[in-house]
S.K.: 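Please find one structure pasted underneath; my questions will follow.
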Amino acid sequence: MSGPYSREKTMQKKISTNTIQTKYYKWIYLFLTPSILVFLFFYLQPIVTIIYTSFTKWDGFNHPQFIGLENYQKMFTNSAFLISLKNLVAWSVIAATLHVGFGVLVALVLYQRPKGWKLTRAVFMIPNVISAAAWAMIYKFIFKDDIGILNNFIRVFIPEFHVQWFYESPYAFWAVTFTWLFYSVIVTLLVLNDLMAIPQELSEAARVDGASKWQVIRQIHLPLCRNAIGTGVICSITARVAMYEQIALTTVGGPGDDTMNIPIILVKSIQDLKYGYANANGVIMFLLGILTLVAVNYIFRMNESVY
Amino acid sequence: MKKSSNILFTVLMYSVMAFTIVVSVFPIFWVIMSAFKTNAQILSSPFSLPTSISFDAFAYLFEKYNFVKYFINSLIICTSSTLVSLLIFSMGGYVIAKFDFPGKNLFFALFTITLLVPAQAKAQPLFGLVMKLDLYDNIWGVALVYLSMGLAMSMFILKASFMAIPKSLDEAAAIEGAGFFTIFWKINFPLAKSGLATAGILMFLNNWNEYFYASLLTSADDTRTLPLALQFFTEAFSYDYTKLFAALTVVVLPGILLYILAQEQVQNSVASSGIKG
């Protein structure tokens, strides 16, 4: 494109964009209004409500009564809530290490483009297009004592083996963990995306310099997909904060409070018409989500460029 | 030395791939296979293939229960909420992508920061809202909540795809005398179709699989969605495994079929949602 022509064009562009804009302010805000309404009614109003009512005693019929920090005090002295926090920490650590680690491992393998890598990628996605509810049920059957494949497999070697994985302590915690542990395809896709963006010359140069495959992976590939791994960690920890079906459809928090978590407590409080208490739990979930984001951003230095 | 390390590398690579495939499909395969066995076969030989193919359990499910109804409920709720939210968010994403106006950055920041709010944290207020609108136990109540869910993610995706459409097209149309709405609807909307498909597929899949709000906002049989049917079936026939497995199969298959039909698109969608997430 020649110089003067394109300059003329940009000038023309500037003028016409401006005229379009001033002429259409009304339209612009009209177009924005539906999104703003969604934001107001389904995000802002709920968040303001949960924060405000978390300081009240409220049954949904009478007016909320201000009780200060009582709900929070009750939460932090309630053993079910404390166990939920402990579980959340344990699940988050497992998610950030084993779950994300497996996803990264699969990505590194697929990046080598072995035979069948596309099929593997496509198949790995299947667990993710099925509802978490269905997946929880499938694992409930896998771990069932009489018909489950796990126990039937073990009984081939140890004939009298009987364990109710979802109903016995301490196995229940691990049974719930297995409903999601290996399904980290999102991490795989994210990391794979970043790996594909690494300039080929980089790995080739390293190989020419005598680096082994392992060294290339450890020193070049992994550091360069730091952001994708960090995003994966955030996604998988926030999914633990919000984990519901995997517990509600299997153990419902039991045995005892072994597999309790905050969403289960929250739903139970709504059913018991303890709205103030339910919303205090909601506030904690909200804060935990923000905490995760900030912490992982900091640890993975995600705001800095990788190159 | 070099050679043995290479062999080790290859063996490891294929073991990881084999393991991935097994954990992803074997459980589903086992469920589908069991749906065709008798209860006795499931109990006595959980690993064997069914000896004869029997659709009795499926026939029973569709006869005795409103399975078709659950399916239609899911379909109506997900299709309507996805289409309406696509329209709403594409209008928002379009003006944010293409125009400068006071409050633009603020609105975009507010819309996208909603990504941080766990869906369950808002349970009580949204429950209250649906009650107030008298939409409890009504599929439109569920659809209403669903249509708000993809706000942040759709804004990211749609804003980016509208930004990729050259402004010169809008100007040319404006000079031809096209109005604001025509420029959006006739020029930009069709050209943003890959972004719209991405956001649409993601929202549809999320809604299709959503369990939490569906269980919170409905209780009657004729408002049940497919994921909810699962819970109900475990209670209804707790020891009739054939029917349970058949029910699971029916719940799981539509999602898988949809995925097989739009495989590439789904994979791209998930990858791009993660990047923004």
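Throughout, protein chains are lettered first and strands after them, A, B, ... in sequence-line order, and every chain is numbered starting at 1. All heavy atoms count here, side chains included; hydrogens, waters and symmetry mates do not.
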S.K.: For A:Phe178, does the CZ atom have more than 12 heavy-atom neighbours from other residues, nucleotides or ligands under 6.0 Å away?
M.R.: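 Result for CZ/A:Phe178: open.
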S.K.: For B:Leu253, which atoms come within 4.5 Å of any heavy atom of chain A: side chain, backbone, both, or neither?
M.R.: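 No part of it gets close to chain A.
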S.K.: At a 4.5 Å cut-off on heavy atoms, which part of A:Leu108 comes close to chain B: side chain, backbone, both, or neither?
M.R.: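 Neither part.
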S.K.: Would you indicate whether the side-chain heavy atoms of A:Leu266 and B:Gln124 approach each other to under 4.5 Å?
M.R.: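 A side-chain contact under 4.5 Å is absent here.
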S.K.: Do A:Phe102 and B:Phe19 have side chains that approach each other closer than 4.5 Å (heavy atoms only, starting at C-beta)?
M.R.: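 Result yes, sub-4.5 Å side-chain heavy-atom pair found.
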S.K.: When heavy-atom pairs shorter than 4.5 Å are enumerated against chain A, which of B:Leu147, B:Val145, B:Val95 gives the highest number?
M.R.: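 Result: the option with the highest number of such pairs is B:Val95.
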S.K.: If I take atom CG from residue A:Leu32 and atom NZ from residue B:Lys104, how far apart are they, to the nearest 0.5 angstrom?
M.R.: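 It is 10.5 Å, given to the nearest 0.5 Å.
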S.K.: Considering non-hydrogen atoms only, spot the tightest contact between B:Gln120 and A:Ala242 and give its length.
M.R.: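 That would be NE2-O, 2.5 Å.
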S.K.: Is B:Leu248 close to chain A through its backbone or its side chain, or both, or neither, when contacts mean heavy atoms under 4.5 Å?
M.R.: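 When you check distances to chain A, only side chain atoms of B:Leu248 fall under 4.5 Å.
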S.K.: Identify which of A:Gly116, A:Gly289, A:Ala133, A:Ala132 forms the greatest number of heavy-atom pairs closer than 4.5 Å to chain B.
M.R.: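 Option with the top pair count is A:Ala133.
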S.K.: If you take all heavy atoms of A:Tyr183 and B:Val23, which pair is closest and at what distance?
M.R.: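 So the two residues come closest at OH-O, 2.8 Å.
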S.K.: At what distance, to the nearest 0.5 angstrom, does CZ of A:Phe39 lie from OG1 of B:Thr114?
M.R.: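 OG1 of B:Thr114 is found 7.0 Å from CZ of A:Phe39.
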S.K.: Can you say whether B:Leu126 sits under 4.5 Å from chain A via the side chain, the backbone, both, or neither, judging by heavy atoms?
M.R.: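 Side chain of B:Leu126 only, per the 4.5 Å heavy-atom cut-off to chain A.
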S.K.: So for A:Ala228, is it side chain, backbone, both, or neither that comes closer than 4.5 Å to the heavy atoms of chain B?
M.R.: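 For A:Ala228, no heavy atom lies under 4.5 Å from chain B.
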S.K.: With A:Val252, which residues qualify under side-chain contact (heavy atoms from CB on, under 4.5 Å), at least two apart?
M.R.: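 A:Val252 satisfies side-chain contact (heavy atoms from CB on, under 4.5 Å) with no residue once adjacent residues are dropped.
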S.K.: Pick one of side chain, backbone, both or neither for B:Phe26, based on which atoms fall under 4.5 Å of a heavy atom in chain A.
M.R.: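 The side chain, not the backbone.
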S.K.: Under 4.5 Å between any side-chain heavy atoms of A:Ile142 and B:Trp30, yes or no?
M.R.: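 Sidechains of B:Trp30 and A:Ile142: in contact.
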S.K.: Using a 4.5 Å cut-off on heavy atoms from C-beta on, say whether the side chain of A:Lys115 contacts that of B:Tyr14.
M.R.: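 They are in contact (side-chain heavy atoms under 4.5 Å apart), so the answer is yes.
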S.K.: Check the pair A:Trp135 / B:Ile28 against side chain to side chain contact (heavy atoms under 4.5 Å, CB included), numbers first and verdict last.
M.R.: CA-CA 9 Å; A:Trp135 214 235; B:Ile28 299 163; 3.3 Å; yes
S.K.: Tell me, with the steps shown, if B:Met149 and A:Phe42 meet side chain to side chain contact (heavy atoms under 4.5 Å, CB included).
M.R.: CA-CA 8 Å; B:Met149 302 261 236; A:Phe42 294 94; over 6 Å; no
S.K.: With a 4.5 angstrom heavy-atom cut-off, which part of A:Asn152 approaches chain B: side chain, backbone, both or neither?
M.R.: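 Contact with chain B involves both backbone and side-chain atoms of A:Asn152.
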S.K.: Relative to the ring of A:Trp27, is the ring of B:Phe180 parallel (under 30°), tilted (30 to 60°) or perpendicular (over 60°)?
M.R.: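 The arrangement is parallel - the two ring planes meet at less than 30°.
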S.K.: Taking A:Thr188, A:Ile262, A:Thr120 one by one, which has the highest count of heavy-atom pairs under 4.5 Å against chain B?
M.R.: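 Greatest number of close heavy-atom pairs with chain B: A:Thr120.
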S.K.: Between B:Tyr94, B:Phe245, B:Phe111, B:Phe89, which residue shows the highest count of heavy-atom pairs closer than 4.5 Å to chain A?
M.R.: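 Maximum pair count with chain A is reached by B:Phe111.
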S.K.: Between B:Met131 and chain A, which part of the residue has a heavy atom less than 4.5 Å away: side chain, backbone, both or neither?
M.R.: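 Neither part; nothing is under 4.5 Å.
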S.K.: For B:Pro102, is it the side chain, the backbone, both or neither that has a heavy atom under 4.5 Å from a heavy atom of chain A?
M.R.: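 It is both, since atoms from each part get that close.
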S.K.: So for A:Leu249, is it side chain, backbone, both, or neither that comes closer than 4.5 Å to the heavy atoms of chain B?
M.R.: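 Contact with chain B is through both the backbone and side chain of A:Leu249.
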S.K.: Verify side chain to side chain contact (heavy atoms under 4.5 Å, CB included) between B:Leu258 and A:Val129, making sure each step is shown before the conclusion.
M.R.: CA-CA 9 Å; B:Leu258 181 75; A:Val129 298; over 6 Å; no
S.K.: What distance do B:Thr20 atom OG1 and A:Leu110 atom CG have between them, rounded to the nearest 0.5 Å?
M.R.: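 One finds 7.0 Å between OG1 of B:Thr20 and CG of A:Leu110.
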S.K.: Strictly distance-based, threshold 3.5 Å: is any side-chain N or O of A:Ser35 a donor or acceptor partner for the main-chain N or O of B:Ile88?
M.R.: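 Yes, A:Ser35 side chain to B:Ile88 backbone: donor-acceptor pair under 3.5 Å.
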S.K.: I'd like to know whether B:Leu110 forms a side chain to side chain contact (heavy atoms under 4.5 Å, CB included) with A:Tyr43, so could you lay out the CA-CA distance, the side-chain angles of the two residues, the decisive distance to 0.1 Å, and finally the verdict.
M.R.: CA-CA 10 Å; B:Leu110 286 176; A:Tyr43 291 93; over 6 Å; no
S.K.: Side chains of A:Phe41 and B:Ser148, heavy atoms from C-beta outward: is any pair under 4.5 Å?
M.R.: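 Not in contact.
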S.K.: Give the member of B:Leu116, B:Asn209, B:Thr10 that has the highest number of heavy-atom pairs under 4.5 Å with chain A.
M.R.: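 Most pairs with chain A among the choices: B:Asn209.
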S.K.: Any idea which of B:Ser85, B:Gly92, B:Ala119 has the most non-hydrogen atom pairs under 4.5 angstrom with chain A?
M.R.: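 Greatest number of close heavy-atom pairs with chain A: B:Gly92.
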S.K.: So which of A:Pro34, A:Gly232, A:Pro46 has the largest heavy-atom pair count under 4.5 angstrom toward chain B?
M.R.: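 Going by pairs under 4.5 Å, I would pick A:Pro46.
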S.K.: Should the heavy atoms of other residues, nucleotides or ligands under 6.0 Å from NZ of A:Lys274 be counted, would the total exceed 12?
M.R.: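 Counting other residues, nucleotides and ligands, NZ of A:Lys274 stays at 12 neighbours or fewer.
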S.K.: Are B:Pro227 and A:Glu245 side-chain neighbours, meaning at least one heavy-atom pair lies under 4.5 Å?
M.R.: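 B:Pro227 vs A:Glu245: side chains apart.
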S.K.: Non-hydrogen atoms of chain A under 4.5 Å away: do they reach the side chain of B:Val117, the backbone, both or neither?
M.R.: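 For B:Val117, heavy atoms of backbone and side chain both lie under 4.5 Å from chain A.
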S.K.: Is it the case that over 12 heavy atoms from other parts of the model lie below 6.0 angstrom from the CZ atom of B:Phe29?
M.R.: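 Open.
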S.K.: Using heavy-atom distances under 4.5 Å, tell me whether A:Leu40 contacts chain B through its side chain, its backbone, both, or neither.
M.R.: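 Nothing of A:Leu40, per the 4.5 Å heavy-atom cut-off to chain B.
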S.K.: Less than 4.5 Å apart, side chain to side chain, heavy atoms only: is that true for B:Pro125 and A:Ile50?
M.R.: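 A side-chain contact under 4.5 Å exists here.
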S.K.: What distance separates A:Trp214 CH2 from B:Leu8 CG, expressed to the nearest 0.5 Å?
M.R.: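 Interatomic distance, A:Trp214 CH2 to B:Leu8 CG, rounded to 0.5 Å: 5.5 Å.
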S.K.: Could I get the full list of side-chain contact (heavy atoms from CB on, under 4.5 Å) partners for A:Val267, not counting sequence neighbours?
M.R.: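 Listed in chain order: A:Tyr244, A:Gln271, B:Phe212.
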S.K.: Under 4.5 Å between any side-chain heavy atoms of B:Tyr259 and A:Asn128, yes or no?
M.R.: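 No, side chains not in contact.
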S.K.: With a 4.5 Å cut-off on heavy-atom pairs, point out which of A:Pro114, A:Ala239, A:Ala278 contacts chain B the most.
M.R.: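 The candidate making the most pairs under 4.5 Å is A:Pro114.
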S.K.: Relative to chain A, which segment of B:Phe107 carries a heavy atom at a distance below 4.5 Å: side chain, backbone, both, or neither?
M.R.: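 Only the side chain of B:Phe107 comes within 4.5 Å of chain A.
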S.K.: Pick whichever of A:Ile284, A:Ile47, A:Ile130 has the most heavy-atom pairs under 4.5 Å with chain B.
M.R.: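 With the most close heavy-atom pairs to chain B, the winner is A:Ile130.
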S.K.: Can you name the closest pair of heavy atoms from A:Trp117 and B:Met17 and give their distance?
M.R.: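 Minimum heavy-atom contact is N-CE, 4.1 Å.
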S.K.: Relative to chain B, which of A:Leu119, A:Val187, A:Ile36 shows the most heavy atom pairs under 4.5 Å?
M.R.: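 Between A:Leu119, A:Val187, A:Ile36, the count favours A:Ile36.
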S.K.: If you measure from CZ on B:Phe99 to CD1 on A:Ile28, what distance do you get to the nearest 0.5 Å?
M.R.: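 If I round to the nearest 0.5 Å, the distance is 5.5 Å.
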S.K.: Taking atom CG of B:Leu12 and atom CD of A:Gln112, what is their separation to the nearest 0.5 Å?
M.R.: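 With rounding to 0.5 Å, CG (B:Leu12) is 11.5 Å from CD (A:Gln112).
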S.K.: So what's closer than 4.5 Å to chain B heavy atoms on A:Ile270: side chain, backbone, both or neither?
M.R.: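 Just its side chain gets close to chain B.
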